[in-house]
Amino acid sequence: MLRILLLTWEYPPRIVGELAFAVRDLSEGLRKLGVETIIVTLADSPVALGVEDKGIGNSGIGSLQIIRVGNPVGTHIHILTWAMTLMTEFERVSAEVYYRLNGNIDLVDAHEWLCVTAALNLKDSLNLPFVFSIHSTEAQRSLGSKGPLSQAIKSIEAIGFGEASRVIVGSQEKKIHLISDYGVPPEKIDIADAFRAEEVFRIYASVTGNIKEPGLPRG
Amino acid sequence: MASFPEVLMLSWEFPPRIVGGISSHVYNLSIELTRLGVPVHVVTCAFPGAPDREEIHGIAVYRTDPYALPAPDFPSWVFTMNIGLQRLGAEILRHLSRERFIIHAHDWLTAKAAIGLKHLHRVPLLATIHSTEYGRQRGSLSSDCSRMIHQTEYWLSFESWRVICCSLYMAEEVRHLFGVPEDKLDVIPNGVNPEEFSEPFEAESFRKQFARPGEALVLYVGRLVYEKGCKVLMEAIPEILNQLEAKFVFVGDGYMREILEEEAKRLKLYDRVFFTGFLQGSTLRRLYRIADICVVPSLYEPFGITALEAMAAKCLVVASATGGLAEIVEDGRTGITVPPGDPEALAKGIVKALRDAGRSDELRNNALRKVLHEYDWRKIAKATLDVYVRILEERRKVPW
């Protein structure tokens with residue numbers, strides 16, 4: 001069985017875009033497959049700070065826990081500084097989880113550029129491998145802007161592409177975009193069609209070397 | 001001793017990179033800590049010509065490229081530069097026993113890396129807060145940027161096991177602004193090395209480069225920014241010149257330089273005022289020694305290292321009675337103080353200092369004695385080590 005730490009800046013009921021639904025569907029799918037998923041995300045009204053335990057799945061294994069945290073710095077000048085301080089809080093909470101579980105975490109899954117630095121620091125400090133899940137890129141969102149904020153965000157995406165064990169995208173089209181616009185080596189990118197849990201699970205397993213079939217108890 | 005502390009210093013500047021006062025503070029503190037037997041690892045920003053890794057007087061220095069990532073503005077740069085600092089810090093902490101480690105961060109500029117490393121490695125964090133955004137902005141947090149920096153300072157002080165301030169004044173400010181409990185604060189001053197001010201040189205010919213023989217030489221050293229009060233000094237000059245002959249040497253750079261130059265022109269003082277730009281090293285030390293007085297007219301001064309350097313060089317100090325300065329310069333004992341932001345009072349103070357030569361010798365000697373007694377880097381390092389030991393002892397008593 002796998003235990004993963006999933007970092008995302010949106011998770012229902014905090015919904016900014018499609019990401020919230022994609023990550024919700026993924027995490028519930030993973031639970032059915034017997035994965036223990038701990039999500040670290042941003043607290044937002046109407047759900048306060050704290051831990052929500054969705055419990056063990058119907059199959060009797062697999063679990064889903066959502067830890068919602070606040071940004072330690074409330075006022076920001078733009079999304080980049082906002083992300084930088086929020087990520088340190090993600091690191092703090094992830095470290096809490098890591099030590100509570102005596103280091104028994106197999107993998108970190110960082111969604112979008114916002115979570116890259118936290119995943120990078122978990123890798124550097126605690127030796128946890130990470131996969132970088134890309135739903136949309138700054139290049140696409142900014143329509144090719146060369147503005148300094150966009151450049152900074154792209155440079156953080158580039159760290160993610162470089163340091164992640166695998167890069168996960170939801171479609172062939174996205175893979176081509178990463179290869180042509182970001183120069184990501186094709187062999188590093190995996191496609192999990194629409195981030196379906198079964199496909200993402202196989203990618204996780206390929207990274208951790210845990211090739212056991214879904215549903216087998218942790219051992 | 002098995003539990004002798006080992007320290008990871010996080011500083012955005014370290015020689016040869018010098019932006020403000022933190023660089024020499026961390027450098028001198030690290031040297032003396034090393035001499036006391038504390039292994040010191042300094043993680044800092046790269047500088048052209050300085051190697052990525054080196055050992056200086058026993059200090060292990062690690063540098064990261066601060067421009068590895070593009071940033072749209074200075075505060076974003078600070079945060080993204082911390083990514084590089086944190087990576088280097090992790091590399092060090094991963095390979096060393098964390099039972100005796102302390103992370104020592106200097107100002108909000110290294111807060112992100114320091115807090116991240118603290119939690120990921122479960123190593124206690126100590127912060128020295130040299131100045132605050134609230135103070136630098138003179139009590140006004142009027143922009144989102146200032147509020148963000150202010151909250152980051154709060155965050156750093158909250159996350160720190162203990163907080164060091166360099167003056168009673170700063171300790172009070174930090175207590176008041178961030179709600180840091182009094183029993184979490186330590187006051188350990190900045191230091192200065194008086195022996196650096198004793199190298200032989202040709203004083204007379206050096207002085208001629210700055211002032212005519214009959215002129216008193218009045219020295220200002222500091223960034224040319226509003227809170228340092230350089231404009232107050234400029235406004236005091238006409239009144240001083242009504243009473244005696246003097247030359248005013250402004251050492252330092254900053255956004256107010258053009259404004260001051262314009263002001264000098266307007267007041268027709270151009271031949272009495274000299275802007276040297278940024279100076280350091282032996283030229284600056286010699287200037288302190290040939291100057292008749294050194295003026296520190298700051299409106300906000302958390303510590304006032306300039307006054308300390310002048311005192312170590314036996315140069316009489318006229319300072320505004322504000323912040324940490326007021327703790328260093330005691331009126332009529334180690335120098336002369338005037339109310340801050342008052343050009344008339346400043347002019348009076350300067351004239352008094354320049355006229356009363358006999359009295360000023362006594363003040364100079366008192367000042368040097370005070371420097372030797374209270375601002376010795378060896379004592380400062382010892383006091384800092386005591387804080388490290390205390391933190392490690394407390395750390396051992398709690399799970400985390």
Side-chain angles (χ1 to χ4, degrees), chain A residues 40 69-100 103 105 108 113 116-128 138 142 145-160 162-163, chain B residues 65 67-95 98 103 108 110-123 125 133 141-159 399-400:
Chain A
V40 178
V69 302
N71 196 322
V73 174
T75 307
H76 280 282
I77 51 176
H78 44 57
I79 193 164
L80 177 59
T81 60
W82 181 86
M84 290 294 107
T85 59
L86 178 63
M87 282 312 109
T88 302
E89 185 69 356
F90 273 32
E91 289 161 35
R92 181 182 74 76
V93 169
S94 300
E96 290 286 328
V97 172
Y98 174 88
Y99 287 105
R100 177 162 53 77
I105 292 169
V108 176
W113 72 272
V116 162
T117 59
L120 173 72
N121 292 325
L122 287 164
K123 174 188 166 182
D124 278 354
S125 290
L126 303 177
N127 212 18
L128 296 176
E138 179 63 16
S142 67
S145 161
K146 296 274 191 291
L149 184 59
S150 269
Q151 296 295 88
I153 291 170
K154 282 182 215 161
S155 73
I156 290 171
E157 288 177 326
I159 294 178
E163 297 286 334
Chain B
D65 177 7
Y67 303 111
L69 301 176
D73 44 63
F74 175 73
S76 311
W77 171 82
V78 169
F79 285 122
T80 57
M81 171 271 285
N82 268 261
I83 297 171
L85 293 180
Q86 187 164 346
R87 298 206 76 178
L88 276 179
E91 205 179 306
I92 296 163
L93 291 170
R94 229 181 22 216
H95 295 109
R98 63 168 190 251
I103 299 166
W108 77 279
T110 59
K112 176 177 163 60
I115 296 166
L117 289 169
K118 166 194 161 180
H119 289 290
L120 291 166
H121 293 271
R122 298 214 150 167
V123 166
L125 166 63
E133 180 68 7
L141 298 169
S142 59
S143 67
D144 279 348
C145 182
S146 281
R147 284 188 286 271
M148 176 178 78
I149 293 170
H150 173 76
Q151 289 165 28
T152 305
E153 290 167 345
Y154 164 82
W155 182 34
L156 176 63
S157 63
F158 175 80
E159 288 280 0
W400 173 231

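Protein chains get the first letters and strands the later ones, always in sequence-line order, with residue 1 at the start of each.
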On a heavy-atom basis, the closest approach of B:Met148 and A:His76 is SD-ND1, 3.4 Å

| task | Take B:Arg87 and A:Leu120, measure what side chain to side chain contact (heavy atoms under 4.5 Å, CB included) needs, and give me the verdict at the end. | result | CA-CA 9 Å; B:Arg87 298 206 76 178; A:Leu120 173 72; 3.4 Å; yes

Open item on the list: Counting C-beta onward and ignoring hydrogens, is there a side-chain heavy-atom pair between B:Leu69 and A:Ile159 closer than 4.5 Å?
Closed with: yes

Heavy atoms of B:Gly116 and A:Thr88 approach each other most closely as N-CG2, 3.7 Å

Scanning both residues in full, the closest heavy-atom pair of A:Ala152 with B:Ala71 reads CB-CA, 4.4 Å

Per-residue tally against chain B (heavy atom, under 4.5 Å) across A:Leu126, A:Leu122, A:Asn121 peaks at A:Asn121

Taken to the nearest 0.5 Å, the spacing of B:Glu91 CD from A:Asp124 CG works out to 8.0 Å

The interface call for A:Leu149 against chain B, heavy-atom contacts under 4.5 Å, is both

When the 4.5 angstrom heavy-atom criterion is applied to A:Ile77 and chain B, the contacting part is both

*Any side-chain heavy-atom pair from B:His119 and A:Val93 closer than 4.5 angstrom?*
no

Value for OG1 (B:Thr80) from CG (A:Leu80), rounded to nearest 0.5 Å, stands at 6.5 Å

The interface call for A:Thr117 against chain B, heavy-atom contacts under 4.5 Å, is side chain

- [ ] Count the heavy atoms of every other residue, nucleotide or ligand shown that sit under 6.0 Å from OH of A:Tyr99, and state whether that count exceeds 12.
- [x] yes

dist A:Thr75:OG1 -> B:Ile149:CD1 (nearest 0.5 Å) comes out at 11.5 Å

Taken to the nearest 0.5 Å, the spacing of B:Ile83 CD1 from A:Met87 CE works out to 11.0 Å

Of all heavy-atom pairs linking A:Gly74 and B:Gln151, the shortest is N-OE1, 2.7 Å

Whatever's closer than 4.5 Å to a heavy atom in chain A on B:Asn82 counts as neither

Closest heavy-atom pair, B:Ala90 versus A:Ser125, reported as atoms and distance to 0.1 Å, is CB-OG, 3.4 Å

> Hey, are the side chains of A:Asn127 and B:Arg94 touching, using non-hydrogen atoms and a 4.5 Å cut-off?
Replying inline: no

When the 4.5 angstrom heavy-atom criterion is applied to A:Ile153 and chain B, the contacting part is neither

